[in-house]
Structure formats: structure tokens, C-alpha cells
Protein chains: 2
Amino acid sequence: MNGKATTTRTKLERGRSALGPALELVHTGRAPTRAVLTSELGVTRATAGAVAAELEALGLIRVDSSPGAAAGSQGRPSHRLSVLETGPVVLAAQVHADGFRAALVGLGGRIVATSPGCVAVMADPAQVLGEVVEAGAGLLRASGLRCVGAGLAVPSAVAEPEGTALNPLHIAWPAGSPVRDIFAACVRRAGITGPAFTGNDVNLTALAEHRHGAGRGAQHLLCVATGHRGVGGALVLDGRLHSGSSGLALEVGHLTVNPEGRPCHCGGRGCLDVETDPLAFLTTARREPGPEESLLKQAGNLLRAEYDDPAVRQAAEALIDRLGLGLAGLVNILNPDRIILGGLHRDLLEADPERLRAVVADRSLWGRSGSVPILPCTLAHNSLVGAAELAWQPVLDDPLAALA
Amino acid sequence: MNGKATTTRTKLERGRSALGPALELVHTGRAPTRAVLTSELGVTRATAGAVAAELEALGLIRVDSSPGAAAGSQGRPSHRLSVLETGPVVLAAQVHADGFRAALVGLGGRIVATSPGCVAVMADPAQVLGEVVEAGAGLLRASGLRCVGAGLAVPSAVAEPEGTALNPLHIAWPAGSPVRDIFAACVRRAGITGPAFTGNDVNLTALAEHRHGAGRGAQHLLCVATGHRGVGGALVLDGRLHSGSSGLALEVGHLTVNPEGRPCHCGGRGCLDVETDPLAFLTTARREPGPEESLLKQAGNLLRAEYDDPAVRQAAEALIDRLGLGLAGLVNILNPDRIILGGLHRDLLEADPERLRAVVADRSLWGRSGSVPILPCTLAHNSLVGAAELAWQPVLDDPLAALA
DNA sequence: CTGAGTTTGTGCCGCAACTAAACAAACTGC
DNA sequence: GCAGTTTGTTTAGTTGCGGCACAAACTCAG
């Protein structure tokens with residue numbers, strides 16, 4: 001088994017080969033009707049019709065026979081394609097410094113139900129994941145829907161293929177915890193069907209935004225976001241998450257953005273991590289971080305509420321300059337066609353979009369690569385939706401096999 | 001033309017869909033026999049046999065019916081598959097600071113003929129490319145082989161989709177020269193058939209090494225190389241060159257590797273470009289660059305011949321440390337599973353491989369990503385072979401369509 | 001030398017995914 | 001009310017490929 005047998009897809013396993021792409025088009029909202037499904041897939045109307053009928057028979061999508069108020073165009077109105085509300089769901093879970101949350105997510109990134117966010121995170125991943133999966137299982141029982149998989153977002157790099165969390169420091173878990181296996185075990189124990197997946201939260205945010213949010217249509221999407229501490233990055237290439245050869249790509253926190261900056265635990269100085277995260281903003285603005293709220297919320301509130309205060313404004317501008325320097329470095333390496341920002345970086349972008357774009361353009365090397373659009377993340381619960389995307393992926397790749 | 005019509009491959013255009021992958025396997029030497037072709041493609045023996053027969057009928061490969069000295073294994077010996085020596089070729093061209101060169105390259109990266117390297121490069125790209133294409137056309141007439149395309153490697157970032165050379169400074173061409181169109185015009189004018197492509201030389205080096213050299217089998221291959229001035233990078237993902245959304249990815253020359261270093265024209269300080277190129281090596285070793293040889297050759301000779309000299313050794317170690325810092329930054333962003341180095345960087349690696357690997361491991365963040373193998377480029381004329389790969393790509397993607 | 005075992009190449013059948021073409025349906029506009 | 005346009009459906013035909021059976025070419029044991 002040295003990789004020679006490259007997934008021998010026998011005829012029997014294969015099913016209709018356009019089924020997956022068709023479902024993905026409906027899932028991402030790019031195929032509102034059978035007519036555009038035909039052109040997007042590059043097949044005949046006969047095939048598109050058969051594919052849509054098969055997806056409908058699988059209980060995944062709905063074909064509205066009632067023409068409804070057709071658009072003002074000529075010709076016979078096309079039937080609308082949409083995700084079936086009563087179709088299967090996946091269990092999505094998210095763990096962050098504030099607590100954890102579980103949700104059921106349908107096709108199209110539709111959040112069917114969420115548990116109330118829990119505020120406590122313990123040092124034992126098995127306990128936390130057991131609770132969050134149990135919450136999800138409760139939602140599932142209440143809904144009566146079929147579950148086809150589970151996905152988990154954690155604020156840590158996740159090494160592949162082991163599925164271990166390498167730096168879950170801000171949630172007090174031990175480094176190297178086998179989160180993927182723990183999560184999968186919890187899922188099985190709770191009687192939830194389907195495979196279980198685990199990923200880094202910023203990666204999953206990028207995936208969710210690419211499919212349902214600000215990243216739609218981008219071919220080379222770069223996402224940079226800060227949670228409570230540290231900075232994460234992600235890259236979505238041609239619709240697939242690029243997480244490197246062992247899941248550790250886009251660990252952008254240690255780009256140098258301020259050679260005279262504060263020391264970083266990595267051994268360097270002025271890393272993006274310690275220069276542009278919420279704590280950096282609060283200390284640069286000479287505010288004492290309080291214990292009652294998360295650093296992210298404190299920083300965001302300060303930025304929005306007191307932007308008139310010169311100290312706050314100067315701190316914001318300093319962070320924007322350093323973030324811009326880091327983004328420019330990434331632009332020179334990755335040449336994305338869109339950048340989206342999350343967490344405090346999103347707030348910084350909205351505080352002074354022109355300044356950030358100017359810095360990036362100034363420090364990027366050539367041509368259009370410097371004028372790449374920079375947008376804020378738009379999706380609510382984006383890493384939760386991203387965790388769901390992970391679980392949906394097998395269904396999108398091969399609906400027949402995944403639902404069998 | 002907003003990308004909606006995704007290459008409507010009608011049944012007639014499509015041909016045998018396993019044809020391209022099969023040719024690629026033979027081309028890269030991964031399918032020495034029909035038996036391994038069967039397992040690599042994941043098809044039945046019947047299909048593999050039909051595919052091989054079709055490739056043979058197209059005049060691309062040869063199926064040795066004579067079993068020859070079969071390996072010591074049991075069972076019926078498999079017929080050997082190999083590239084047909086008298087099959088079609090592509091015209092490959094390379095321009096660098098020392099001059100230019102043309103070659104004919106067959107499948108498998110086999111150099112069929114090369115022109116003598118010319119030492120003069122003029123400031124007018126049309127004149128240079130006219131001469132190099134004319135040299136290639138001469139080789140082609142002398143060989144009597146069929147030509148299916150042309151590829152050009154230039155020491156400059158090439159912006160897509162325009163095909164303009166953004167920074168061909170070291171060969172004294174005007175920035176923004178439309179090299180792709182100029183090359184294509186020269187190719188047409190010389191009566192050479194097939195499409196013409198242009199790419200950055202380091203990108204093409206990486207592509208060539210991935211298919212025929214030190215990068216074989218890597219899934220995420222990072223290549224960093226220095227020519228006479230400046231540093232270039234390239235990334236090959238799953239066998240395809242990743243050049244970003246507009247061809248400008250992996251412009252790694254302006255990573256900061258020495259905060260107190262020399263100023264760079266980009267506005268920063270201590271960029272990889274000015275800290276690890278041949279000129280940096282010569283000046284760090286306190287040698288006066290002479291005019292008689294290229295900087296690359298002077299630096300390489302100095303490194304190999306006088307490594308016992310403390311000044312030379314210290315300069316090499318300083319450059320290795322800075323290169324290592326830059327590579328570690330790239331490892332954190334790209335998480336490659338192999339790194340290959342070319343030009344002076346290759347010489348630095350061979351001078352002290354342990355030191356370089358230690359620096360990269362020390363400054364990479366976690367786990368195996370820091371112990372990524374670092375190897376020297378092995379292929380002679382690698383950017384020339386890479387330029388040929390560019391021209392071969394349409395044939396590898398769809399042999400029937402490309403040869404029609 | 002012979003026959004059993006093993007691996008590879010090939011001919012034949014049939015499935016199923018698709019195209020092509022003709023037709024039917026549902027709209028708009030004159 | 002009819003022509004024009006766009007969409008959905010039916011039918012027939014094509015084809016790439018899996019499955020199978022068999023033949024071919026080797027090794028090895030006795």
C-alpha cells in the first residue's frame with residue numbers, strides 16, 4: 001500500500017459522475033435552475049435533468065415544479081433548484097477560547113439548529129468534545145433529521161495525517177492532543193452516523209466564506225484572521241482547502257512585520273502574531289485588558305466605540321500598517337485574487353479600509369497583485385459552517401457512495 | 001466569457017479519457033510497463049492495453065514486444081513502454097544574463113539537440129527572441145522531426161494573462177515587455193507549428209525537476225534558486241505549477257531575512273534578494289566581482305575552491321543562515337514536503353547541508369514541517385527542460401486534441 | 001522435461017453515462 | 001393568435017470501460 005492503487009473506482013462505486021459537481025453547484029448557490037446547471041456542468045439538458053432527478057430522489061435537493069414568478073426573460077421558465085430543507089444534516093462543532101458550540105448544518109450552509117454557546121472550556125479535550133458532541137446529539141434527536149457526518153473546528157494547527165492539535169494553547173489543551181481521534185470516538189459513542197473530521201478554525205472559516213460568503217467565486221482565496229490570541233491564515237485554491245503536505249500551511253503568525261517589535265516566543269521579533277492580535281491592540285492603545293470579556297470583544301468594542309480617541313486611532317493605524325506589511329508578504333508569495341479578513345483584522349479593515357489597501361499595494365511587488373481586493377468576512381458562525389463543509393465534502397464528492 | 005462555459009467537452013472531442021494520464025506516466029518515467037500502467041491508472045488490463053496501443057498509434061510511445069531480459073520476477077514478463085525517440089519534439093528556449101540557448105526536447109525530458117549557447121543578449125527582446133527561435137528552427141529542420149509547440153524561459157516574473165515580463169532587469173529588457181506575444185510571433189514567423197508558451201525560469205526549473213529530477217514524487221514541491229542576481233521561488237502542487245492568480249506567486253525575493261541588513265530597492269532591508277544572491281556572497285567574502293565571468297560562476301567557484309579561507313567560509317555560513325531563515329518562513333506558509341535549491345543556493349546547500357537543515361528546522365514552527373528534505377537540483381538545463389514541459393502540457397492533457 | 005503456479009496481454013460482452021435529435025411545454029411579444 | 005424563444009422530456013445511438021474468460025510467457029519444483 002505505497003500509494004500505487006490510486007482509488008480504483010470500479011464501475012459499481014462510481015455512479016453518475018456528474019452527480020457530485022451538480023450537488024456542489026446547488027450547495028454553493030451557483031445553480032438556481034436546471035438551465036444554468038446544464039451550462040455550468042457543460043452537459044446536455046437531458047443529462048442535467050437526469051442528474052437533478054437523481055439528487056431529488058436521494059432526498060438532497062428540491063425541484064420546484066410550480067414555475068413561480070419567473071424572471072422577466074423570454075421562453076419557458078425554468079424550475080427552481082434548491083436544497084431540501086428536510087434533507088440530511090451534519091453535526092458541526094466549534095471550540096474556542098470562550099467556550100464551545102454545536103450545531104446542525106444542512107446543505108447550502110444553512111444552520112438548522114444551534115446549541116447555546118457554552119462558556120467554559122476545560123483542559124481535558126475528551127471532556128470538552130464529549131460535551132459538545134452530546135449537545136449536538138441532543139439537537140439531532142430533537143430534529144429527527146438524518147446525520148451524514150460530523151466536523152469540528154479547533155483554534156490550533158491540526159497535523160495531518162495524525163489529526164493532532166499542535167498548539168491549542170489558548171484553550172489550555174495539551175499540545176499534540178489527538179483531537180481528531182477523540183472527536184471521532186465521541187461521535188461514535190453518541191451514536192452519530194457518518195465520518196468525523198477535524199480542522200483548524202481559520203482554515204474552516206476560509207472554506208465557509210469561499211462557498212457561502214465573501215470568498216465566493218475566488219480562485220485563490222487568502223484568509224487571515226485573529227481570534228483572541230495569535231493570527232491564523234488559510235488558502236483556498238480552486239475550491240479546495242490548501243493545508244500543505246501535513247496540514248501546517250498558512251501558519252502565518254510568525255511573519256516579521258516590525259523588526260524593532262516585541263519579542264515573540266518563536267525566537268524572533270515583531271511577528272504578526274504578537275503585533276496584530278487583540279492583546280497587541282489593547283496594549284498599544286495603553287488599555288488594561290479586563291478579565292470580564294474576551295480579548296477579541298474588548299478590542300473590537302474599543303476600536304468601534306472610541307475610534308475618536310487619538311491613542312486608539314494611533315494604535316489602530318499601527319496595527320493596520322503591520323497587518324498590511326504581513327499581507328503584502330503573503331501577496332508576494334501566494335498571489336491571491338482575493339483576501340478576506342476575520343476577527344479583529346476584519347474590524348481593522350472596516351475602521352480604515354483605504355489605509356490597509358494602500359499599505360498592501362505599496363509593499364507588494366508588481367502589477368495587479370498589489371491591488372487585490374481585501375474584504376471582510378461576512379458569514380455568521382463561519383468556522384462552524386466550515387466544520388460542516390468538511391463533513392459535507394464526501395457527499396459533494398460522491399453523493400451515492402456517501403449516502404449508501 | 002466569464003468562465004461559465006467550463007470547456008464543454010463533447011463526446012467527439014473527448015477521446016479516451018485515460019489517454020492523458022497514461023502519457024504523463026510514461027513521460028515522467030513512472031510507467032515502465034503496461035502492468036504498472038494498469039495499476040497506476042486504476043483501470044483494467046484491457047483498458048490499459050487499449051490506451052497504450054492508442055498512444056503507440058499516435059506515434060508518441062513505443063511498446064517493446066521483445067520481452068528483453070525480464071526482471072527476476074515470476075510470471076509473464078511485461079512489455080516495456082518507452083518514449084518513441086523519433087516522435088514529436090517541442091522547441092525550448094532559454095534567455096538568461098549570459099546569453100540564450102535553443103533546444104529540441106522530446107517526451108521524457110530528453111534533449112534531442114541544442115544550439116551552442118550564445119553569449120550576447122541585447123536590449124531588444126524581439127531581436128533576441130527572433131534569433132533564438134531561428135536557432136531552434138534550424139535544429140528542427142536538421143532533425144526532420146515534427147514540432148508540436150514551443151516554450152520559453154525568461155529570468156523575470158511573467159504576468160498572466162498578459163504574458164508580460166515584469167522585471168527582466170538583469171537582461172536589460174524593458175520592464176513590461178510582452179514577451180509571450182513576441183515569442184509567439186517569432187515562432188509563427190519561423191514557421192514552427194503548435195502553440196507557444198512563456199514562463200519564469202525558476203518556475204520552469206521547478207516543473208522540470210518535479211517531472212524528471214530531484215522533485216519526482218513530491219506532492220508539494222518548493223524550489224528556491226538564485227541566478228546571477230536576485231532570488232526566485234516556485235511551487236509545484238500535485239504536479240501542476242502553482243503560479244498564483246496572475247502568475248506572480250512565489251516572488252520570494254523580498255522576505256526579510258536580516259533586519260539589520262543592506263537596503264533593498266523594494267524599500268525594505270535585508271531582503272532575501274540582496275542577502276543571498278551571488279553578489280551578496282562575493283561582497284560578504286570581501287571579493288571584488290570581476291567582469292570576465294558571470295557573478296554566479298564567480299560565486300560558485302569561490303565557494304568550491306576556497307572554502308578553507310575563513311572569510312569565504314564565514315560568508316557562506318552567513319548566507320546559509322539567512323537562506324535558512326527565508327526557507328523556514330516559506331515552510332511555515334507553504335508546508336512543502338520537499339525543497340530543492342538551484343544556482344548558488346544549491347552550492348551553499350552542498351557546502352554545508354547540516355547547517356542549512358538545522359537553521360530551517362530551528363525556525364520552522366512545528367513537527368515534521370521543519371524536517372522537510374532539502375535537496376539540490378539535479379537536472380542539467382533544467383529551465384530549458386521546464387520550458388519544454390510547458391509546451392508538452394497540452395499534449396499531456398489531451399493527446400488526441402493536441403496532435404490533431 | 002513436465003506440469004503447476006503466477007503474472008501479463010487480449011478478445012468479447014454488457015452496462016451505464018452520456019450526446020444528439022426530435023418533440024412537447026411554457027412563457028413573451030407583436 | 002401566432003411566431004419566436006427557452007426549457008424539459010423522450011428516444012435512440014455511441015462509447016469508454018469493467019468483468020470475464022482465455023491465451024501467452026515466464027519461474028519453479030520435482
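What's counted below: heavy atoms across the whole structure, side chains too, no hydrogens, waters or symmetry copies. Below, chains carry the letters A, B, ... as their sequence lines are ordered, and counting in each starts from 1.
B/Val43 approaches B/Ala48 most closely through the heavy-atom pair CG2-N, 3.9 Å.
Computed from coordinates, the B/Arg34 CZ to D/dA24 P distance equals 15 Å when rounded to whole Å. When the P atom of D/dA23 is taken as reference, atom NE2 of B/His79 falls 17 Å away, rounded to whole Å. At whole-Å resolution of the value, CZ in A/Arg80 and P in D/dG8 are 11 Å apart. Regarding A/Asp64, its CG atom lies at a distance of 16 Å from the P atom of C/dA26, rounded to whole Å. In this structure, A/Leu37 atom CG and C/dC18 atom P are separated by 12 Å, rounded to whole Å. Rounded to whole Å, the distance from CG on A/Leu41 to P on D/dG8 is 13 Å.
Put simply, the residue from B/Thr86, B/Val90, B/Val105, B/Leu145 that forms a side-chain contact (heavy atoms from CB on, under 4.5 Å) with B/Val112 is B/Leu145.
In terms of position on DNA chain C, the residue among B/Thr38 and A/Val51 whose nearest nucleotide sits closer to the 5' end is B/Thr38. Between A/Gly49 and B/Thr44, the residue anchored closer to the 5' end of DNA chain D is A/Gly49, taking for each the nucleotide with the nearest heavy atom.
At least one donor-acceptor pair under 3.5 Å links the side chain of B/Arg110 to the backbone N or O of B/Glu85.
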Quick one: which protein N/O atoms are closer than 3.5 Å to N/O atoms of nucleotides 3-7 of chain C? Pair and distance per line, please.
residue, atom, partner, partner atom, Å
C/dT7, O2, B/Arg76, N, 2.9

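A/Glu389 and A/His27 are linked by a side-chain donor-acceptor pair at a separation below 3.5 angstrom, with hydrogens and angles left out of the test. Defined by atom type and a distance below 3.5 Å, a donor-acceptor pair is missing between the side-chain atoms of B/Gln219 and B/Asp337.
Listed pair A/Ser78 / D/dG8 meets the phosphate criterion, a side-chain N or O lying under 4.0 Å from OP1 or OP2. The phosphate of C/dT19 (OP1 or OP2) has a side-chain N or O of A/Thr47 nearer than 4.0 angstrom.
The base of C/dG9 sits with one of its N or O atoms less than 3.5 Å from a complementary donor or acceptor on the side chain of B/Arg45.
Looking at the side chain of A/Ser17, the nearest of the listed nucleotides C/dA20, C/dA17, D/dG8 is C/dA17. In the set C/dC18, D/dG18, D/dT10, the nucleotide with an atom closest to the side chain of A/Ala46 is D/dT10.
Scanning for ring-ring contact (aromatic ring centres under 6.0 Å, His included) contacts around B/His220 gives A/His242, with sequence neighbours left out.
A salt bridge links A/Asp397 with A/Arg240; the closest basic N to acidic carboxylate O contact falls under 4.0 Å.
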